[in-house]
*Asks:* 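Take this structure first; my questions come after.
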Amino acid sequence: MTVREALNVALEEEFIRDERVFLIGEEVAQYNGAYKVSKGLLDKFGSKRVIDTPITEAGFAGLAVGAALSGLRPICEFMTFNFSMQAIDHVVNSAAKILYMSGGTIPCPIVFRGPNGAAAGVAAQHSQDYSAWYGAIPGLKVVSPWDSEDAKGLLKAAIRDPNPVVVLENELQYGLSFPVSQEVLSKDFVLPIGKAKIVREGKDVTIISHSRSVNFCLEAAEKLHSEEGISSEVINLRSIRPLDVDAIVNSVKKTNHLVTVEAGFPQFGVGSEICAIAMETEAFDYLDAPVERVTCADIPTPYAENLEKLSSPNTDIISKVVKRTLYKKR
Amino acid sequence: MNSNISLKAAASLLNLRVNQTSFFLINGRRFISTSRILYQKDKIKERVPFPGATESYFTDKMQFIHNVEPIPTYRVMDRHGRVIDSSQDPQVTESFAVKIYKDMVTLNILDLILYDAQRQGRISFYMTNYGEEAYVGSAAGLDSEDMIFGQYREAGVLLYRGFTLDEIMNQCYSNEKDLGKGRQMPVHYGSKKLNFQTISSPLATQIPQASGAAYALKRSGKKNCVMCYFGEGAASEGDFHAALNIAATMRCPVVFFCRNNGFAISTPSLEQYKGDGIASRGIGYGIDTIRVDGNDVWAIYNVTKEARKLAVEEHRPVLIESLTYRIGHHSTSDDSSAYRPSKEVEEWKRLDNPLVRLRKWLENHNWWNENLELEFRTSIRKEILNAFSKAEKLNKPSITELFNDVYDRPTPNIIAQRQKLKRLIEKYPNNYPLKNFKNEGKDL
């Protein structure tokens with residue numbers, strides 16, 4: 001099952017399950033979504049529930065928030081999260097705070113979703129990872145699916161959650177196919193928000209990542225295992241906020257080494273937060289080496305293909321950093 | 001403004017006519033719905049084939065259109081409370097009219113007392129409604145189930161709906177009975193029971209949200225609309241434009257009510273925009289638009305009632321621009337003498353006061369007099385002061401409320417923070433005196 005299909009099925013199942021759920025965004029209806037995630041939904045559910053909008057992020061994000069305050073369950077699609085900047089006030093200052101500001105009387109059950117992070121060849125303004133941005137905000141939940149199981153389980157959980165949830169998908173993952181279990185195919189399958197998943201068990205080093213970067217971590221782990229005999233534990237965070245602190249700490253206690261991998265910028269990033277957790281919890285006492293971060297380069301993402309490649313994490317860099325943290329020089 | 005092309009002149013010049021169906025009625029009086037001025041479907045005129053403006057036609061005359069004739073301002077009463085055209089009399093009962101007046105007076109005295117309380121350092125912030133009290137008429141034109149999205153200067157709408165003096169005072173004092181649990185600045189009221197969304201500080205975000213709430217109402221099939229208030233300054237935010245466009249394209253039952261009070265903090269309207277006020281923009285978005293005398297409570301009442309009907313029955317968003325004058329400072333953080341002469345303010349207060357207009361109207365009906373005025377002012381002042389001192393003496397909300405409602409249920413990081421605070425308070429009780437907090441921290 002591809003990630004795109006998983007998202008599409010998740011949407012369809014939740015549309016059937018709850019009449020209040022609707023999808024709104026640019027090109028989501030007639031055009032089936034800029035990335036075809038909403039394919040077929042307009043035909044099945046009609047224009048009352050799959051809504052094309054004028055090009056006005058502040059307009060439709062604000063409209064979605066208002067609808068959520070009035071008892072509906074909107075899913076607001078940003079064509080990419082880069083465009084959510086036009087509407088960030090509604091996400092951060094309205095959706096995330098209304099329950100608190102209203103004295104707990106008015107919930108805002110809404111999902112903001114769309115592709116996040118760098119795609120291919122779309123340059124600086126379309127290549128940003130907003131995990132750290134939205135992950136910083138109390139009142140928001142933020143999930144970042146990697147494979148088809150994540151995509152289906154987390155999107156369904158987000159739609160059912162009574163809080164505002166930001167679902168950070170990745171364009172380059174949409175077309176990738178992952179095997180899924182029978183359980184995942186069930187219409188009742190949801191994943192808990194706030195729980196990470198160990199996608200590869202190991203004992204020498206913990207590699208923590210999310211979204212597309214998990215691909216490279218798994219490749220690096222395999223390579224390190226076959227070439228160097230290094231046993232890496234790869235953790236897929238799944239949830240950026242709340243962060244599964246226990247999963248991080250428990251793994252570090254086992255491996256005594258920690259590397260973080262993400263496609264965001266280094267400063268104040270997800271990796272920085274994990275470093276802080278390592279300092280502030282008992283994990284600190286178990287570390288045999290400083291934590292290492294693998295991130296995007298601290299520059300606007302370049303357009304030129306060769307430079308673009310060099311500016312984000314890949315399998316080789318991760319392998320190199322893991323070996324460095326284990327003091328294994330080539 | 002001599003470069004303006006008047007509507008009539010433009011019509012004769014370009015051979016247009018105003019289609020008769022584009023009038024709508026308020027109490028039997030016809031108004032031009034300028035958003036529905038149609039060009040004559042003259043056979044000689046060749047319609048354009050382009051999808052972007054299907055009503056347009058070709059012309060060989062080059063003409064830049066700057067503006068049409070200024071949009072007129074609808075009123076019912078003159079400054080002395082006399083109804084100008086009897087067909088526009090609101091036809092209301094004595095108790096209905098007196099209630100509106102009493103709410104306006106209550107608002108006025110509340111403002112006096114709470115403004116002073118802020119000056120004395122007893123509350124941190126306040127915003128008065130001086131000069132704009134006639135907007136209470138808009139609340140009277142709505143159904144109590146219509147959802148309100150306010151900006152921040154609409155306490156009179158809440159009063160009209162039955163928000164109690166205690167509820168107002170508790171909010172301004174952030175005490176244990178504050179519905180918002182002490183989490184918002186003073187005047188950021190909200191009441192789920194009264195269908196009044198909690199005030200949100202960032203300007204204009206309420207406008208597209210109102211469109212969304214209206215969309216939800218439309219979907220539910222309820223015969224209600226959303227009322228959205230904002231100032232002419234907020235209408236410069238992108239959100240205003242996004243909201244009107246999306247409300248128009250999605251046919252949301254929402255009434256946009258712009259309180260154009262002349263000033264956005266210190267920026268006068270004439271520096272805020274160059275077009276014909278805010279109303280002219282509604283027409284551009286294809287929205288039924290009307291401009292109203294914002295100091296005339298009955299004019300506001302009449303247009304709101306009619307706007308509501310368009311929104312609810314025809315799913316058409318409406319823009320009302322209410323022209324008024326902000327007599328008070330923007331807020332307690334502002335001193336307006338720095339940017340406008342106090343003589344101007346005094347003149348407005350004296351010559352065109354919405355309270356005086358309605359009072360005179362009531363007196364003309366023999367529904368009000370000097371004695372009743374004195375009696376009511378004395379008793380309501382006493383009630384307000386009572387609520388005031390009661391609220392001042394109440395405890396602060398429980399300190400546990402710091403951690404509640406961030407999410408529907410506290411997440412692990414929030415539980416951890418709460419436990420940490422509990423340990424800290426237990427260890428250093430003298431540094432964290434909780435005597436004035438509800439439950440004294442025992443429920444942490």
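Every chain is numbered from 1 and lettered A, B, ... according to where its sequence line falls, protein lines coming before strand lines.
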*Asks:* Among A:Ser70, A:Gly59, A:Gly139, A:Pro242, who wins on heavy-atom pairs under 4.5 Å with chain B?
*Replies:* A:Gly139

*Asks:* Could you tell me which portion of A:Leu99 (side chain, backbone, both or neither) has an atom closer than 4.5 angstrom to a non-hydrogen atom of chain B?
*Replies:* both

*Asks:* Between A:Lys156 and A:Glu13, is a salt bridge (charged side-chain N to carboxylate O under 4.0 Å, His left out) present by the stated rule, with each step listed?
*Replies:* CA-CA 8 Å; A:Lys156 282 165 72 79; A:Glu13 286 174 0; 2.5 Å; yes

*Asks:* Does any backbone or side-chain atom of A:Pro138 lie under 4.5 Å from a heavy atom of chain B? Answer side chain, backbone, both or neither.
*Replies:* both

*Asks:* Under 4.5 Å from any heavy atom of chain B, what part of A:Leu69 do you find: side chain, backbone, both or neither?
*Replies:* both

*Asks:* Identify which part of B:Phe240 has an atom lying under 4.5 Å from any heavy atom of chain A, answering side chain, backbone, both or neither.
*Replies:* neither

*Asks:* Determine the option with the most heavy-atom pairs under 4.5 angstrom with chain A, choosing from B:Met250, B:His241, B:Met147.
*Replies:* B:Met250

*Asks:* Apply salt bridge (charged side-chain N to carboxylate O under 4.0 Å, His left out) to residues B:Arg251 and B:Glu314 and explain how you reach the verdict.
*Replies:* CA-CA 9 Å; B:Arg251 298 181 64 91; B:Glu314 298 181 41; over 6 Å; no

*Asks:* For each of B:Gln206, B:Lys181, B:Arg183, tally heavy-atom pairs with chain A at distances under 4.5 Å, and name the one with the top tally.
*Replies:*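 Most heavy-atom pairs under 4.5 Å with chain A: B:Arg183.
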
*Asks:* A:Ile277 versus chain B, heavy atoms under 4.5 Å apart: side chain, backbone, both or neither?
*Replies:*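 When you check distances to chain B, no heavy atom of A:Ile277 falls under 4.5 Å.
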
*Asks:* For A:Phe81 and A:Tyr134, take the angle between the two ring planes, folded into 0 to 90°, and tell me which bin it lands in: parallel under 30, tilted 30 to 60, perpendicular over 60.
*Replies:* perpendicular

*Asks:* What residue in A:Gln86, A:His90, A:Glu57, A:Lys48 has the most heavy-atom pairs under 4.5 Å with chain B?
*Replies:*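 It is A:His90.
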
*Asks:* Checking B:Glu401 against chain A: side chain, backbone, both or neither under 4.5 Å from a heavy atom?
*Replies:* backbone

*Asks:* For A:Phe268, is the CZ atom crowded, meaning more than 12 foreign heavy atoms sit under 6.0 Å from it?
*Replies:* no

*Asks:* As a test of understanding, state which of A:Gln128, A:Gln125, A:His126 forms a side chain to side chain donor-acceptor pair (under 3.5 Å) with A:Asn82.
*Replies:* A:Gln128

*Asks:* Once the angle between the rings of A:Phe60 and A:Phe78 is folded into 0 to 90°, is it parallel (under 30°), tilted (30 to 60°) or perpendicular (over 60°)?
*Replies:*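 Ring orientation, 0 to 90° scale: tilted.
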
*Asks:* Side chain from CB out, backbone as N, CA, C, O: work out which of these in A:Lys97 comes under 4.5 Å of a heavy atom of chain B, or both, or neither.
*Replies:*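 For A:Lys97, neither part sits under 4.5 Å from chain B.
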
*Asks:* For B:Ala247 and B:Val254, which heavy atoms make the closest approach, and how far apart are they?
*Replies:* CB-CG1, 3.8 Å

*Asks:* Is there a side-chain contact (heavy atoms from CB on, under 4.5 Å) between B:Thr205 and B:Gln209 once you walk through the steps?
*Replies:* CA-CA 7 Å; B:Thr205 51; B:Gln209 289 168 14; 4.0 Å; yes

*Asks:* Please identify, among B:Leu402, B:Val226, B:Thr249, B:Ile414, the residue contributing the most non-hydrogen atom pairs under 4.5 Å to chain A.
*Replies:*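 Result: the option with the highest number of such pairs is B:Leu402.
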
*Asks:* Taking B:Arg418 for the side chain and B:Pro410 for the main chain, is one N or O donor matched with an acceptor at less than 3.5 Å?
*Replies:* no

*Asks:* In terms of heavy-atom pairs under 4.5 Å with chain B, which of A:Leu63, A:Thr56, A:Ile55 leads?
*Replies:* A:Leu63

*Asks:* Given the options A:Leu140, A:Asp161, A:Thr53, which has more heavy-atom pairs under 4.5 Å with chain B than any of the others?
*Replies:* A:Leu140

*Asks:* What's the verdict on side-chain contact (heavy atoms from CB on, under 4.5 Å) for B:Ile148 and B:Leu142, showing C-alpha distance, side-chain angles and the deciding distance?
*Replies:* CA-CA 10 Å; B:Ile148 309 270; B:Leu142 296 172; 3.6 Å; yes

*Asks:* Side chain, backbone, both or neither: which part of A:Arg20 has a non-hydrogen atom closer than 4.5 Å to chain B?
*Replies:* backbone

*Asks:* What residue, out of B:Asp408, B:Thr198, B:Thr411, has the most heavy-atom pairs lying under 4.5 Å from chain A?
*Replies:*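 Winner by heavy-atom pair count: B:Asp408.
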
